[in-house]
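Structure first, then comments.
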Amino acid sequence: MPRIKRGVTTRQKHKRLLDQAKGYRGRRKNTIRVARQAVEKAGQYAYRDRKVKKRNFRALWIQRINAAVRAEGLTYSQFIHGTKLAGIELDRKVMADLAMNEEAAFKSIIKQAKDALPA
C-alpha cells in the first residue's frame, strides 16, 4: 500500500484559515492554533450580530416614527393602532423613511391614523 502524504491538503487548510485571520493583531494572524480560535470566535460574533443588527434598525425606525408622530400630538402606540384600523400596511422601515424625507406624505398618514382612532 502506498504511503499517503497529506502536506498539500493541510497547507491548503492552514492557508485558508490564515487568510480569514488577515488583519488580526499579534499571533492571531500567523499562528494556526491561535488563528483558528480567533476565526471561530469571529464567526460566532458575526452570526449573532447579524440578528442584533436587525433589532437595532427596528428600534431606530420606531424612534424616528415616534419623534415625528409626537410632533403631531399622538404617541407611537396610538399611531400604530390607528394605522392598523385604517388599513395602512406600510412597514416601519418605509414609515421611518417617509417621516425623515417626505414630511407631507407622512403627515397625511398620521391624519388617516388619527381619523381611524375611536374618539
| remark: So the salt bridge (charged side-chain N to carboxylate O under 4.0 Å, His left out) pairs with at least one residue in residues 34-43 (sequence neighbours excluded) are none
| query | Quick one: salt bridge (charged side-chain N to carboxylate O under 4.0 Å, His left out) pairs with a partner in residues 57-66, sequence neighbours left out? | reply |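 Residue pairs with at least one partner in residues 57-66: there are none.
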| message | Go through it in stages, so that I can follow the logic: the residues are Leu18 and Ile32, the test is side-chain contact (heavy atoms from CB on, under 4.5 Å), and I'd like the CA-CA distance, side-chain angles, deciding distance and then a yes or no. | response | CA-CA 7 Å; Leu18 290 176; Ile32 299 300; 3.7 Å; yes
Donor-acceptor pairs under 3.5 Å, side chain of residues 104-119 to any protein atom, not counting sequence neighbours: which ones?
unit_1 : atom_1 : unit_2 : atom_2 : d
Ser108 : OG     : Ala105 : O      : 2.6
Lys111 : NZ     : Asp115 : OD2    : 3.3
Lys114 : NZ     : Glu72  : O      : 2.8

| query | Taking all non-hydrogen atoms of both residues, which atom of Arg28 and which atom of Ala21 are closest, and how far apart? | reply |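 Scanning both residues, the minimum pair turns out to be O-CB, 3.5 Å.
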| said: Can a donor-acceptor pair be found, under 3.5 Å and without considering hydrogens, that links the side chain of Gln37 to the backbone of Val34? | reply: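 Absent.
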Quick one: side chains of residues 42-54, donor-acceptor pairs under 3.5 Å with protein atoms, not counting sequence neighbours, listed by atom name and distance.
unit_1 : atom_1 : unit_2 : atom_2 : d
Lys54  : NZ     : Arg50  : O      : 3.1

Residues 79-103, side-chain donor-acceptor partners within the protein, below 3.5 Å, at least two apart:
unit_1 : atom_1 : unit_2 : atom_2 : d
Thr83  : OG1    : Phe79  : O      : 3.4
Thr83  : OG1    : Ile80  : O      : 2.7
Asp91  : OD1    : Val94  : N      : 3.1
Arg92  : NE     : Tyr76  : OH     : 2.7
Asp97  : OD1    : Asn101 : ND2    : 2.7

Which pairs would a plain distance check flag for residues 10-17, meaning a side-chain donor or acceptor within less than 3.5 Å of a matching protein atom at least two apart in sequence or in another chain?
unit_1 : atom_1 : unit_2 : atom_2 : d
Thr10  : OG1    : Arg6   : O      : 3.0

